[in-house]
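Everything on this sheet refers to the single structure shown next.
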Protein chains: 2
Amino acid sequence: MDETDRLSKVFAALADPIRRDIVARLTEGDQGVGELAEPYDVSLQAVSKHLKVLEDAGLVTRTREAQRRPVHLEAEVFDLMTKWIERYRQQAEERFRRLDVLLERMKDEQDPHHARTTTRDEDAS
Amino acid sequence: MDETDRLSKVFAALADPIRRDIVARLTEGDQGVGELAEPYDVSLQAVSKHLKVLEDAGLVTRTREAQRRPVHLEAEVFDLMTKWIERYRQQAEERFRRLDVLLERMKDEQDPHHARTTTRDEDAS
DNA sequence: GTCGTACTCAACCGAATGGTTGACAAGCAG
DNA sequence: CTGCTTGTCAACCATTCGGTTGAGTACGAC
């Protein structure tokens, strides 16, 4: 499984509110499937499926401890997302910064053509 | 649309590799639908749909400029994700830090029961 | 061994997703 | 007005997704 694929699975896993909530609650410590399922108005099997999705995304691992199967959060995967987001956020912000500089320069030059249809997109191109 | 809903849509939008790539390319500047569609082996209509998903998630806005409809990246939405991720990442890391302290204390006390079946999950519970 | 606990697996179902093609709309260019 | 460009909308289709119920498995308690 390559990184693109992994990233897709992580984002898809966190697209579901129940799964996001499970991840949130797991930061408090490992929990069994039954405990995790309790707050939601769905069957235990449904939660078991959600956990499989989280596991496939690498967000969670499941071990065995007597009859219980404690679920453990693997927080390192967050890094993958954070890296992706930060990379493009920074690029986007850099672009906006350059745009601001450009606009500032245009203002300084007192450009008489400045009054023409100045849509944001035209400025940015 | 509440924040949970919004977050779900953003994550879902970025779960698709084509949509992630479009977002990445838009950091270079606004682009028309045709330009955006060119690299992918899917129809223009398919890309148009992808853009609608990104727009519904608030990641992108579409304006009109003659026949073209330039697509513009709204980088602020990244913040929503980053906040969510960071919150739980930090909680998770805090928990691991506490766990490390606990383990350290156990070691210091030279606990003679330490040799029993020591799975990672047991340690964490 | 038998019972209860804690789950998972399998089959099914309706809704959503990602793709297609075909028809339509909005705006220049002649 | 006609035609070309640039997209969108609508209908359809196969696959995936999130849920269900029912059966099965793994383990500890008795």
Side-chain angles (χ1 to χ4, degrees), chain A residues 1 4-5 7-23 26 30-57 59-72 116-117 119 121-122 125, chain B residues 1 4-23 25-26 30-57 59-72 116-117 119 121-122 125:
Chain A
M1 190 168 59
T4 297
D5 212 50
L7 211 42
S8 292
K9 286 192 175 181
V10 173
F11 278 121
L14 295 177
D16 186 282
I18 289 187
R19 286 193 297 255
R20 271 203 312 282
D21 193 56
I22 287 174
V23 167
L26 282 174
D30 297 2
Q31 293 186 54
V33 181
E35 299 167 78
L36 286 172
E38 195 271 324
Y40 315 117
D41 195 23
V42 296
S43 66
L44 186 73
Q45 289 95 321
V47 173
S48 189
K49 275 194 187 181
H50 280 307
L51 291 172
K52 195 164 190 314
V53 173
L54 289 170
E55 188 177 31
D56 287 349
L59 280 159
V60 133
T61 51
R62 288 184 285 181
T63 54
R64 175 168 273 281
E65 175 194 293
Q67 302 99 312
R68 297 180 68 252
R69 286 161 192 71
V71 181
H72 175 78
R116 88 185 214 284
T117 55
T119 69
D121 297 299
E122 234 173 84
S125 66
Chain B
M1 189 167 60
T4 297
D5 213 50
R6 183 70 166 278
L7 210 41
S8 291
K9 285 191 176 183
V10 174
F11 278 121
L14 294 177
D16 186 284
I18 289 187
R19 287 194 295 256
R20 270 202 313 280
D21 194 56
I22 287 175
V23 167
R25 290 170 58 212
L26 282 174
D30 297 2
Q31 293 186 55
V33 182
E35 300 167 76
L36 285 172
E38 195 271 325
Y40 315 117
D41 193 24
V42 297
S43 66
L44 187 71
Q45 291 93 320
V47 173
S48 189
K49 275 194 188 181
H50 280 307
L51 291 172
K52 194 164 193 312
V53 174
L54 289 170
E55 189 176 31
D56 286 349
L59 280 160
V60 134
T61 52
R62 287 184 285 181
T63 53
R64 174 169 275 278
E65 174 193 294
Q67 303 99 311
R68 298 181 66 254
R69 287 159 191 72
V71 181
H72 175 78
R116 88 187 214 285
T117 56
T119 69
D121 296 302
E122 237 174 79
S125 65

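This one's a predicted model, so the numbers in the text were calculated from it and none came from an experiment. Each chain gets a letter, A, B and so on, in the order the sequences are listed, and its residues count up from 1.
- Taking atom NZ on B:Lys9 and atom P on C:dT17, their separation rounds to 9 Å, with Å as the unit.
- Of the candidate nucleotides D:dT8, D:dC9, D:dG18, D:dG18 has the atom nearest to the side chain of A:Lys49.
- Along DNA chain D, the nucleotide closest to A:Arg19 and the one closest to A:Ala66 are compared, and the more 5′ of them pairs with A:Arg19.
- In terms of phosphate contacts, A:Arg62 brings a side-chain nitrogen or oxygen within less than 4.0 Å of OP1 or OP2 of C:dT8.
- A:His50 has a side-chain polar atom (N or O) that falls below the 4.0 Å cut-off from OP1 or OP2 of D:dG19.
- Rounded to an integer number of Å, the gap from CD of B:Glu65 to P of D:dT5 is 18 Å.
- Which of C:dA6, C:dA11, C:dG19 sits closest to the side chain of A:Gln67 comes down to C:dA6.
- Applying the salt bridge (charged side-chain N to carboxylate O under 4.0 Å, His left out) rule to pairs touching residues 33-43 of chain A yields A:Glu35-A:Arg68, sequence neighbours excluded.
- The residue among A:Val42 and B:Arg68 whose nearest nucleotide of DNA chain D lies closer to the 5′ end is B:Arg68.
- In this structure, A:Leu44 atom CG and D:dG22 atom P are separated by 15 Å, rounded to whole Å.
- Rounded to a whole Å, the CG atom of A:Asp16 is 18 Å from the P atom of C:dA15.
- At distances below 3.5 Å, not a single donor-acceptor pair connects side-chain atoms of A:Arg19 with backbone N or O atoms of A:Leu51.
- Counting to the nearest Å, the P atom of C:dG18 and the CG atom of B:Asp41 are 17 Å from each other.
- For A:Gln45 against D:dG18, a side-chain-to-base donor-acceptor contact under 3.5 Å is absent.
- Of the N and O atoms on the side chains of B:Arg20 and A:Ser8, at least one donor lies less than 3.5 Å from an acceptor on the other residue.
- In this structure the side chain of B:Ser48 reaches within 4.5 angstrom of the side chain of B:Arg62, judged on heavy atoms.
- Rounded to whole Å, the distance from CG on B:Leu51 to C1' on C:dG18 is 14 Å.
- B:Arg25 places a side-chain N or O within donor-acceptor distance of the main-chain N or O of B:Leu36, the cut-off being under 3.5 Å.
- At least one side-chain nitrogen or oxygen of A:Ser43 sits closer than 4.0 Å to the OP1 or OP2 atom of D:dT20.
- Atom CZ in B:Phe11 sits about 18 Å away from atom C1' in D:dC17, given to the nearest Å.
- When distances are taken from the side chain of B:Ala46 to each of C:dT20, D:dG7, D:dC9, the shortest belongs to C:dT20.
- With rounding to whole Å, A:Tyr40 atom OH is found 15 Å from D:dG18 atom C1'.
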